[in-house]
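Convention: sequence-line order gives letters A, B, ...; per-chain numbering from 1.
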Amino acid sequence: MTNQDQAVRPAPIVDESSKPFFDAAADAVLLLQRCNICHAYLWPFREICTECLSTDLSWAPSTGKGSVHSFVIMHRLFHPAFQEDVPYNLTVVQLDEGPRVTSIIRGTANEDIHVGMSVSANWHDVNGTPLLHFEAF
Amino acid sequence: MKYNAAFNPSGGAAIVGLGMTEMTREYSYSATGLAGIAVKRALDDAGLKKEDIDGLFINAGVTNAISTPLQTSLGFRDLKLLNHMNAAGSTAGQMVQFASLAIQAGMASHVVCVFADDPLKPGTSAGAAYGGTSNRSTGMASLPASYGFFSGANTSYALAARRHMGLYGTTQDQLGAIAVSTRAWATMNPAAMQQKPMTLDDYHGSRWIVEPFHLLDCTLVSNGAVAVIVTASDRARDLKQPPVYIAGMGQGHPGNPRQAGYENEVNTGARIARDTAYSMAGVGPDDIDIRELYDCYTYTTLVTLEDYGFCEKGEGGAFVEDGKLGPGGSHPTNTGGGQLSGYYMWGMTPVSEAVIQTRGQGGERQVQTRDHVLVSTQGGILDWHSTLILSPNADAGTRN
């Protein structure tokens, strides 16, 4: 039935470049790319280090610790699968390693989220795919 | 007979023609047709013939519907200068800047700069035109949709606004004050798409788009086109309209690789662009009489005012709260209703109103003192920025 099809939450689409990230996610490990030359951590997937322009990049685990850089509250329903979630937050987390990751905060009421709040990475399941989120820390 | 361009790096350049289509939410002509109408009106406005034009710069809007083939569509022959430029909303200022430089280098004599867009088509909402839910990315770029990250530009600018609110305590009332003062100007602009007076209560009562943005924090979306014509200052004095001299110009592109230390959402490229432009014009913020600022959102106005030095970083909220941007205020800003209440022609919104005000053709909304008019054009998510300082005075700026 069409309504049911539409109500499926859009899961991440794993491709070749992102496979290490999603494989690690299955073990609840947050991987970031890391430059082997200048050691900068990178997000999202890059072919070239934005800091030193090296292509010598590998994957390294993140501590998952960071703070809220900014957040917004989505009141409108743009996709039927989010019917139960509205209003929901979208949050940009400043990871301690440097990159900023767009994600969500779970376990904290929207009105209690604030810029600068300390958070830590965790995982939840979306249609069998582990999805990164953050929680107050 | 064609005006003879000659190398003249200190002669300066001026805007001598302005052409605008009607600004609508209904589809009429394609972007190509709209561009042609705006170009014809700019030529008539300047008192120039199509044959006088030897340069063409093109900026397409979100539909990306026009490019260099526009030359052929409009029948321009033997151009000496042509390009399709794209730094999103900041492009309008950049087209005028490169036209000015090319004219002063003797590469061309009369350059048309045109923007046209037709995002509103039958059966298409403004939201869909500006990146709703289509086109799933793959890999890590597919993650945002899994979180319900939709309404791209609205959401990204709302994140920037919330960052400012979190760092500096900027309030919803202060964003609302910008919506209200901008609408007050629009009530006096026959070309504005929203001319009905608005109160702060109306602002708070408008629905959430993406909190902290209400509907009345966000620009309209318009179908239309705007063209301006740039020529050398000495040639400008022979033409039909009062010359709008380009006294200063600059650009600033801070970059944002989503890393710690990059704060372009609250420290925009205006901080780089302003220094070049102020220095070239020999002025500072206290010398600016009128501000025409890119205002895709209320927050864009607020952060841009800070970054041009009209107040300190973080004090934009308190600065705008008393209505000083509105009619009769000490800092007239977005005097045609901007993009919020006027029309959304990307960077051509502030450029067009600046030309009108600099000429003294603003009618009921004309600001009396107009020696220096500041234009800011802004692209991406506060990624790219360009500045013009315009003046009716031939001796404005150090280059003239």
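- At a 4.5 Å heavy-atom cutoff, B:Phe213 makes no contact with chain A through either its backbone or its side chain.
- The shortest heavy-atom contact between A:Tyr88 and B:Gly148 is OH-O, 2.6 Å.
- The residue among A:Ile104, A:Asn110, A:Val86, A:Asn89 with the most heavy atom pairs within less than 4.5 Å of chain B is A:Ile104.
- The candidate with the highest count of non-hydrogen atom pairs below 4.5 Å against chain B, out of A:Glu16, A:Lys19, A:Arg46, is A:Arg46.
- Note: B:Met165 CE to A:His114 NE2 = 15.0 Å, rounded to the nearest 0.5 Å.
- Among all heavy-atom pairs drawn from A:Pro12 and B:Ser142, the shortest one is CA-OG, 3.4 Å.
- Between chain B and the options A:Trp43, A:Phe71, A:Phe45, heavy-atom pairs under 4.5 Å are most frequent for A:Phe71.
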Open item on the list: Run A:Thr50 and B:Arg258 through side chain to side chain contact (heavy atoms under 4.5 Å, CB included) and show every step you take.
Closed with: CA-CA 10 Å; A:Thr50 54; B:Arg258 318 283 177 224; over 6 Å; no
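- Atom CZ in A:Phe82 sits 5.0 Å away from atom CZ in B:Phe150 (nearest 0.5 Å).
- Other residues, nucleotides and ligands place more than 12 heavy atoms under 6.0 Å from the OH atom of B:Tyr27.
- B:Ala158 touches chain A through backbone and side chain together, each having a heavy atom under 4.5 Å away.
- In this structure, chain B has no heavy atom under 4.5 Å from any part of A:Thr129.
- Contact annotation for A:Tyr41: only backbone heavy atoms (N, CA, C, O) come within less than 4.5 Å of a heavy atom of chain B.
- Ranking A:Val115, A:Ile73, A:Leu95, A:Leu42 against chain B, the residue ahead of the rest is A:Ile73, based on heavy-atom pairs under 4.5 Å.
- Proximity of B:Ser146 to A:Arg9: side-chain heavy atoms (C-beta onward) are nowhere separated by under 4.5 Å.
- Rounded to the nearest 0.5 angstrom, A:Ile13 CD1 and B:Thr138 OG1 are separated by 6.5 Å.
- Residue A:Val126 does not touch chain B at all, counting heavy-atom pairs closer than 4.5 Å.
- The CZ atom of B:Arg162 lies 12.0 Å from the CG atom of A:Leu90; values are rounded to the nearest 0.5 Å.
- Within 6.0 Å of CD in A:Glu135 there are more than 12 heavy atoms belonging to other residues, nucleotides or ligands.
- A:Glu51 and B:Pro257 get closest at one heavy-atom pair: OE2-CG, 4.3 Å.
- Taking CE from B:Met140 and CZ from A:Phe21, the interatomic distance works out to 5.0 Å, rounded to the nearest 0.5 Å.
- Residues B:Glu263 and A:Arg100 approach most closely at OE2-NH2, 4.2 Å, considering heavy atoms.
- Counting all heavy atoms, side chain and backbone alike, A:Val72 lies closest to B:Pro212 at CG1-CD, 4.2 Å.
- Distance OH/B:Tyr147 to OG1/A:Thr102: 8.5 Å, rounded to 0.5 Å.
- In this structure, B:Arg163 and A:His69 have side chains that are in contact, with non-hydrogen atoms separated by less than 4.5 Å.
- For chain B, the option among A:Ser17, A:Pro87, A:Pro44, A:Ala11 with the highest count of heavy-atom pairs below 4.5 Å is A:Ala11.
- Residues B:Arg207 and A:His75 form no side-chain contact, since every pair of their non-hydrogen atoms from C-beta on lies 4.5 Å or further apart.
- Among the candidates A:Ala40, A:Gly98, A:Ser18, the residue making the largest number of heavy-atom pairs closer than 4.5 Å to chain B is A:Gly98.
- The minimum heavy-atom distance between B:Ala145 and A:Pro10, with the atom names listed, is O-CG, 3.4 Å.
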